[in-house]
Number of protein chains: 2
Amino acid sequence: MEQSETPCGLDVSLEIMGGKWKPLILYHVQDGPTRFSEVRRLIGGISEKVLAQQLRDLVAMGVLERRDHHRVPPVVDYSLTPFGKTLVEALIPLCEWGNRNRAHVTKLSRNASRMKIG
Amino acid sequence: MEQSETPCGLDVSLEIMGGKWKPLILYHVQDGPTRFSEVRRLIGGISEKVLAQQLRDLVAMGVLERRDHHRVPPVVDYSLTPFGKTLVEALIPLCEWGNRNRAHVTKLSRNASRMKIG
DNA sequence: GGCAGTACATACCAAAAGGTAAGTGTGGGA
DNA sequence: TCCCACACTTACCTTTTGGTATGTACTGCC
């Protein structure tokens with residue numbers, strides 16, 4: 001990206017939210033403080049280990065805030081920082097694009113894997 | 001994602017453009033037909049092998065079109081399909097977000113790696 | 001023949017990301 | 001005492017992605 005001549009900030013955005021799970025985590029936390037187990041449930045299919053790791057990164061990058069309620073059993077929730085909210089706003093178009101094109105892409109994926117086999 | 005209760009199409013978008021290089025490729029091809037070597041130059045830091053692989057995927061998913069000019073030396077260019085254009089449009093907010101927050105994120109990255117060492 | 005330019009492909013490996021299984025700490029209740 | 005719920009952590013492994021080095025195909029030129 002260092003040699004790019006056009007202004008593209010995707011390297012920056014991707015540094016924060018790149019990967020399989022971070023975009024989804026950010027999306028699902030947008031409605032307010034969300035508990036670890038609830039984040040996991042909303043996303044589906046992510047292991048506790050990977051979720052913990054990804055949340056830790058997002059907190060470190062200042063887009064998520066972690067609040068420990070000091071209870072037993074533990075109660076911890078995660079919410080977007082103001083900074084994080086700006087990022088999620090930038091993610092929404094991509095989310096909507098996905099929704100609009102879900103059927104089409106599903107078909108494409110099937111065709112693509114057929115071509116690989118054939 | 002299957003168990004998600006809120007409509008989030010990010011799984012779909014990420015299926016097409018997920019990963020280190022695809023977003024950047026899509027961004028850099030938006031101005032019209034772009035040759036393999038030019039894509040590589042614009043992006044910077046990507047190997048020929050990985051570029052070829054990523055372009056192949058994007059063509060397979062119908063967001064890029066490959067045109068071979070049947071010359072020697074070979075002349076091949078890649079351009080966005082109409083479908084691909086809609087995707088790049090959805091990527092622009094993320095790109096702009098990255099540009100706006102580049103300095104802030106650079107600082108965060110430095111702090112994050114310091115914390116890991118310390 | 002060798003060399004050039006271009007767009008790949010192949011072989012093998014490194015690095016990163018993700019996954020499964022089991023473990024830890026804490027207070028509360030039976 | 002044991003068991004529970006919750007949010008993690010640790011150990012070890014698998015899968016995916018990216019990387020380096022080299023090779024291939026093609027025509028034209030010296």
Side-chain angles (χ1 to χ4, degrees), chain A residues 1-3 10-11 14-26 28-29 33-61 64-79 109 112-113 115-116, chain B residues 1-3 10-11 14-26 28-29 33-61 64-79 109 112-113 115-116:
Chain A
M1 219 27 260
E2 300 82 62
Q3 286 104 8
L10 281 171
D11 58 313
L14 290 172
E15 188 173 339
I16 292 202
M17 39 104 357
K20 180 172 177 179
W21 297 112
K22 282 174 183 155
L24 297 163
I25 291 170
L26 289 172
H28 285 296
V29 167
T34 314
R35 291 182 63 179
F36 183 93
S37 48
E38 181 69 4
V39 179
R40 191 160 176 244
R41 191 186 67 78
L42 287 170
I43 294 174
I46 185 171
S47 70
E48 290 179 357
K49 176 244 184 182
V50 169
L51 179 56
Q53 186 173 295
Q54 305 286 300
L55 288 167
R56 192 164 46 241
D57 289 350
L58 290 167
V59 169
M61 297 304 283
L64 279 193
E65 182 175 37
R66 178 181 181 273
R67 191 164 29 193
D68 185 343
H69 291 255
H70 300 294
R71 293 204 208 145
V72 172
V75 175
V76 174
D77 65 45
Y78 293 86
S79 41
S109 298
S113 58
M115 286 202 270
K116 276 175 186 170
Chain B
M1 222 23 264
E2 300 84 63
Q3 286 103 7
L10 280 170
D11 58 313
L14 290 172
E15 189 172 340
I16 292 200
M17 38 96 11
K20 180 174 182 180
W21 297 113
K22 281 175 186 155
L24 296 164
I25 292 170
L26 288 173
H28 285 297
V29 169
T34 314
R35 292 180 63 177
F36 184 93
S37 47
E38 181 70 3
V39 178
R40 189 160 177 244
R41 191 187 65 81
L42 287 170
I43 294 175
I46 184 172
S47 69
E48 289 179 354
K49 176 247 185 178
V50 169
L51 179 56
Q53 184 174 299
Q54 305 285 300
L55 288 169
R56 192 161 50 240
D57 289 352
L58 291 166
V59 170
M61 297 304 282
L64 279 194
E65 183 175 37
R66 180 181 180 274
R67 190 166 28 194
D68 184 344
H69 290 256
H70 300 295
R71 293 206 208 142
V72 169
V75 174
V76 174
D77 65 46
Y78 294 85
S79 40
S109 298
S113 58
M115 287 202 270
K116 277 178 186 167

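The model shown is predicted, which means the values in this text are computed figures rather than measured ones.
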Could you state the atom-to-atom distance from [atom1] of [X] to [atom2] of [N] in whole Å?
X       : N      : atom1 : atom2 : result
A:Asp57 : C:dA17 : CG    : C1'   : 11 Å
A:Arg41 : D:dA7  : CZ    : P     : 13 Å
A:Leu64 : D:dC8  : CG    : P     : 12 Å

Picking from [options], which would you name as closest to the side chain of [X]?
X       : options               : result
B:Lys49 : C:dA7, D:dA7, C:dA11  : C:dA11
B:Val76 : D:dA7, C:dA9, C:dA7   : C:dA7
A:Pro73 : C:dA11, C:dT20, D:dA5 : D:dA5

Check whether any side-chain nitrogen or oxygen of [X] sits under 4.0 Å from OP1 or OP2 of [N], and answer yes or no.
X       : N      : result
B:Gln54 : D:dT17 : no
B:Trp21 : D:dT16 : no
A:Arg71 : D:dA7  : no
B:Ser37 : C:dG5  : no
B:Gln53 : C:dA9  : no
A:Arg66 : D:dC8  : yes
B:Arg56 : C:dA9  : yes
A:Lys20 : D:dT15 : no

**Asked** Of A:Glu48 and B:Arg35, whose nearest nucleotide on DNA chain C comes first from the 5' end?
**Response**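 Upstream on the strand: B:Arg35.
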**Item:** Straight-line distance of A:Ile25 CD1 to A:Gln54 CD, nearest 0.5 Å
**Value:**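 Those atoms lie 5.0 Å apart.
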**Message:** Using every non-hydrogen atom in the two residues, find where A:Arg67 and A:Pro33 come nearest and quote the distance to one decimal.
**Reply:**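 Shortest heavy-atom contact: NH2-CG, 3.6 Å.
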**Asked** Taking C-beta and beyond as the side chain, do B:Leu51 and B:Trp21 meet within less than 4.5 Å on heavy atoms?
**Response**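 A side-chain contact is absent here, since even the closest heavy-atom pair is not under 4.5 Å.
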**Prompt:** Do the side chains of A:Leu24 and B:Leu10 get nearer than 4.5 Å, heavy atoms only?
**Reply:**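 Counting from C-beta outward, B:Leu10 and A:Leu24 do come under 4.5 Å.
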